[in-house]
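When a ligand or atom number is given, it counts from 1 through the structure's own listing order.
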Amino acid sequence: MNLNDYIMAHEVPIRLGCFLGIFAVMAVWEMLSPRRGLRTSKAVRWASNLGLVLFNSLVLRLVFPAAAVGMAVFAGEQGWGLFHYIDAPFAAAVAVSVLVMDFAIWLQHVMVHAVPVLWRLHRVHHADLDFDVTTGARFHTLEILLSMLIKFAVILLLGPPLVAVVVFEVVLNATAMFNHSNVRLPETLDRFLRLIVVTPDMHRVHHSVEDDETNSNFGFNLPWWDRLFGTYRAQPRAGHEAMTIGIRTFRTDKWCSWLPGMLAIPFVGKVQDYAINRRQWSDSHE
Ligand SMILES: [Zn+2]
Ligand SMILES: [Zn+2]
């Protein structure tokens, strides 16, 4: 069995095994060394956040059964994408593919903050009143589907090796759980890690209620794009313990911690209110 066949046959157990393993490590780490006290019921949030993850996985399997790996195989069969035109060494093709896919995810993240109708979907991720390992996988189903379509487009243009797609998905999933987790890292370790990966302290800034802090640190995986494009912010003004997490206009458990409210968030409020100026949008949802 060659590498591609092995990946195709074992993609789901590889990804599920990595997810469960890293989730367990981060969940225990959060209990042993938490960065902040949680503001809301952990049982309710975890049930909702993990319930949403399960629901999204089922919907994704139904809508796109072949997923990103299937699209990479399809691009290969058709000879579509950059790496089917140039004869790059395998390791270089994998490295460049992972880098380009990470940049695409970063750009997508900037876009869902900038475009009002897409921000409606993305605010489900930001409405979490606490910030822990389950926040990292909490996205509205429609945003998950949009992400997959964007990933398909990147794969069709890039023609990445199959292994690059799986590596990228596993690494992105792992780093998202790591950098959303409520763990305390020694300051010097955090400063060193930030050079190569987005750390929890770095991404927590992005979950602040303050607009200028939310509009920084868009990276989920590699920290370089934010530094390169001027959206890097080292720390929150109020400090990590005192800063307020979430969105100003959604502050109740009904919207932020219970699954039905979370799923309804994109459809609340008038679109033009956001289009004019998010800062002045003071209408809060009880
Ligand atoms: Zn965001
Ligand atoms: Zn986040």
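The Zn ion (ligand 2) forms the vertex of an angle spanning NE2 of H180 and NE2 of H207; to the nearest 10 degrees it equals 110°. Considering the Zn ion (ligand 1) as centre, the angle to NE2 of H122 and to NE2 of H126 is 90° (10° rounding).
The Zn ion (ligand 1) lies closest to atom NE2 when only the N/O/S atoms of H113 are considered. Atom NE2 is the N, O or S atom of H206 at the shortest distance from the Zn ion (ligand 1).
Atom CG of D130 sits about 4.0 Å away from atom OG1 of T40, to the nearest 0.5 Å.
Salt-bridge formation is not detected for the pair R248/D211: no Lys NZ or Arg NE/NH1/NH2 atom is positioned less than 4.0 Å from an Asp or Glu carboxylate oxygen. The pair E241-R35 counts as a salt bridge, with a side-chain nitrogen and a carboxylate oxygen less than 4.0 angstrom apart. Taking 4.0 Å as the cut-off between side-chain N and carboxylate O, E169 and R15 count as a salt-bridged pair.
Taking 2.8 Å as the criterion, H203 counts as a coordinating residue of the Zn ion (ligand 2), since one of its N, O or S atoms falls below it. Checking H125 against the Zn ion (ligand 1), every N/O/S atom stays at or beyond the 2.8 Å cut-off.
Transitive grouping of hydrophobic side chains (ILVMFWY, heavy atoms separated by less than 4.5 Å) brings F178 and F23 into a common cluster.
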